[in-house]
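The block underneath contains the structure these notes are about, expressed in structure tokens.
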2 protein chains.
Amino acid sequence: MDNDEDRDAPAAPNGVSLGPLPGFIGYALRRAQLVIFDDFIRTLETVDLRPAYFSTLIIIDENPGLNQSEVSAALGVQRTNFVTMVDHLEKRNLIERRPSKKDRRSYALHLTEEGRTLLDKARQLQAEHEARFARKLGPNGREQLLPLLWKLVE
Amino acid sequence: MDNDEDRDAPAAPNGVSLGPLPGFIGYALRRAQLVIFDDFIRTLETVDLRPAYFSTLIIIDENPGLNQSEVSAALGVQRTNFVTMVDHLEKRNLIERRPSKKDRRSYALHLTEEGRTLLDKARQLQAEHEARFARKLGPNGREQLLPLLWKLVE
DNA sequence: TATTGTTATACTCTATAACTATA
DNA sequence: TATAGTTATAGAGTATAACAATA
């Protein structure tokens, strides 16, 4: 009885055996995530947006007026670490903190016009990146992969 | 025509819209990887092995006598950052640096007896972790997921 | 000249505690 | 009392440059 579950895993360099690692979900996930993040970062280099910052702009664009706690919770980032990200995006004039009318402790986050323009450009680059990996996955590969990944998160 | 590719994605808290994010491979990969690493770390808490350290022990066990450059290359870790990991594992008496007979610049890495014992325990815990997520994926889910992930890496 | 292991360093990401101003 | 934003801080992980010993 042969164990062929990792038949398609790339071989390690120099004939080093990876043993059971390529058959482990976590190991495969991590290697795939590193490859795709590396491509994402280089693809969006011209707009200088790393994955977390891109996601932040998407969320704010989809839900204008949310406060920092709400956006950071949606992203799975702690609000304490989110402050630096908002500072950075605001310094680049991509988003703005507007004083909330309802609650004077919080800010309503909105994209600036410059932010919307940059996000449009970023979306185009991201689409190229996405298509590149969808092609790697073959016909229906992406449609099979996504539900499996979300089952892991549930 | 409806876009249902992210039908199985968990909803964001508080009715916040994630927009197109759940349909992006990189976003789904990252969220899944965080969940699985979190479970891995807690499952292997009693042996105090994080994913990179577990993988390191596996590689050394599979290929005893490799030097640091070879192991770090197999893991995709830079040899400069690998030094700290070897220091740590050696301090815990799980591996040893033996002077290489062929090349006096390098060390041959080997598991200690204590390292083998701990790795056996770690493998059992990892198997529980793996089974937990295989169950989440449903019948044949794992067998579908792994080749898809490795296609992304190719 | 090139390579192995190493140190120093820096940047990103992540995690916790504690403060302030509001609620 | 509790919450929103913030600061300080510390730990991982990751990246580059440079050095001594050896090839």
Side-chain angles (χ1 to χ4, degrees), chain A residues 13-14 16 26-27 29-31 33-35 37-38 40-42 44-45 48-56 60 65-91 95-109, chain B residues 13-14 16 26-27 29-31 33-35 37-38 40-42 44-45 48-56 60 65-91 95-109:
Chain A
N14 302 319
V16 173
Y27 183 80
L29 259 184
R30 177 62 173 160
R31 299 300 288 236
Q33 189 247 307
L34 287 175
V35 166
F37 265 43
D38 187 69
F40 183 97
I41 292 168
R42 273 182 294 138
L44 276 78
E45 210 165 37
D48 193 24
L49 287 180
R50 298 172 67 81
Y53 288 89
F54 175 74
S55 303
T56 300
I60 296 176
L66 289 189
N67 67 28
Q68 297 183 192
S69 295
E70 290 165 331
V71 174
S72 61
L75 288 167
V77 174
Q78 289 186 247
R79 76 190 193 291
T80 176
N81 294 322
F82 190 58
V83 174
T84 313
M85 299 178 61
V86 174
D87 285 348
H88 179 244
L89 290 172
E90 197 180 38
K91 220 163 284 172
I95 67 173
E96 55 181 346
R97 288 189 244 231
R98 298 188 194 159
S100 169
K101 316 268 182 180
K102 315 168 186 174
D103 185 339
R104 288 188 308 182
R105 291 173 302 182
S106 65
Y107 299 107
L109 299 179
Chain B
N14 302 320
V16 173
Y27 183 79
L29 260 184
R30 178 62 173 160
R31 298 300 288 236
Q33 189 249 307
L34 287 175
V35 166
F37 264 44
D38 187 70
F40 183 98
I41 291 167
R42 273 182 294 138
L44 276 78
E45 209 165 37
D48 193 24
L49 287 179
R50 297 172 67 83
Y53 288 88
F54 176 74
S55 303
T56 300
I60 297 175
L66 290 189
N67 68 26
Q68 296 183 191
S69 294
E70 290 165 330
V71 175
S72 61
L75 287 168
V77 173
Q78 290 186 248
R79 75 190 193 292
T80 176
N81 294 321
F82 191 59
V83 174
T84 313
M85 299 178 62
V86 175
D87 286 347
H88 179 243
L89 290 172
E90 198 180 36
K91 220 162 283 172
I95 66 173
E96 55 182 346
R97 288 188 244 231
R98 296 187 195 160
S100 169
K101 315 268 181 183
K102 314 166 187 173
D103 185 338
R104 287 186 309 179
R105 291 173 302 181
S106 64
Y107 298 107
L109 299 179

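Naming convention: chains lettered A, B, ... in sequence-line order (proteins, then strands); numbering from 1 in each chain.
The side chain of A/Arg30 lies closest to D/dT14 when the candidates are D/dT7, D/dT14, C/dA23. Considering only the side chain of A/Thr80, D/dA8 comes nearest among D/dA17, C/dG5, D/dA8. Closest to the side chain of A/Tyr107, from the set C/dT6, C/dT3, D/dG5, is D/dG5. Listed nucleotides: D/dT7, D/dA4, C/dT7. Nearest to the side chain of B/Val83: C/dT7.
Between B/Lys91 and B/Asp87 no salt bridge is recorded (no basic side-chain N to carboxylate O distance below 4.0 Å).
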> Under the side chain to side chain contact (heavy atoms under 4.5 Å, CB included) criterion, do A/Tyr107 and A/Asn67 qualify, and how do the steps go?
Replying inline: CA-CA 5 Å; A/Tyr107 299 107; A/Asn67 67 28; 5.9 Å; no

>> For A/Val86 and A/Leu109: C-alpha separation, side-chain torsions, deciding distance, then whether side chain to side chain contact (heavy atoms under 4.5 Å, CB included) applies.
In response: CA-CA 9 Å; A/Val86 174; A/Leu109 299 179; 4.3 Å; yes

>> Evaluate B/Thr56 against B/Phe82 for side chain to side chain contact (heavy atoms under 4.5 Å, CB included), listing each step before the verdict.
In response: CA-CA 10 Å; B/Thr56 300; B/Phe82 191 59; 3.8 Å; yes

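Whole-Å rounding puts the A/Asp103 CG to D/dG5 P distance at 8 Å. The distance from atom CG of A/Asn81 to atom P of C/dC11 is 17 Å, rounded to the nearest whole Å. Summarising the geometry, the separation between CZ on B/Phe54 and P on D/dA12 is reported as 20 Å, rounded to the nearest angstrom. Residue B/Lys102 contributes atom NZ, which lies 19 Å from atom P of D/dT22 at whole-angstrom precision. Taking atom CZ of B/Phe37 as the reference point, atom P of C/dC13 lies 17 Å away to the nearest angstrom. Atom P of nucleotide C/dT14 and atom CZ of B/Arg31 are separated by 11 Å, given to the nearest angstrom. Rounded to whole Å, atom P of D/dT6 lies 13 Å from atom CZ of A/Arg105. Protein atom CD of A/Gln68 is 9 Å distant from nucleotide atom C1' of D/dT6, rounded to whole Å.
In this structure, A/Ser100 reaches neither bases nor backbone, as no heavy-atom distance under 4.0 Å exists between it and the strands shown. Among the atoms of the strands shown, base atoms are found under 4.0 Å from some heavy atom of A/Arg79. At a threshold of 4.0 angstrom between heavy atoms, the contacts of B/Phe82 with the nucleic acid are absent.
Phosphate proximity of D/dG13 to B/Arg50: present, with a side-chain N or O under 4.0 Å from OP1 or OP2. Residue A/Ser69 places at least one side-chain N or O under 4.0 Å from the OP1 or OP2 atom of D/dG5. For C/dT20, the OP1/OP2 oxygens have no side-chain nitrogen or oxygen of A/Arg104 closer than 4.0 Å. For D/dT14, neither phosphate oxygen OP1 nor OP2 lies less than 4.0 angstrom from any side-chain nitrogen or oxygen of B/Gln78.
Summary of the strand contacts: A/Glu70 and A/Leu34 both lie near DNA chain D, and taking for each the nucleotide with the nearest heavy atom, the more 5' one is attributed to A/Glu70.
With hydrogens and angles ignored, the 3.5 Å screen pairs a side-chain donor or acceptor of B/Glu90 with a backbone N or O of B/Arg97.
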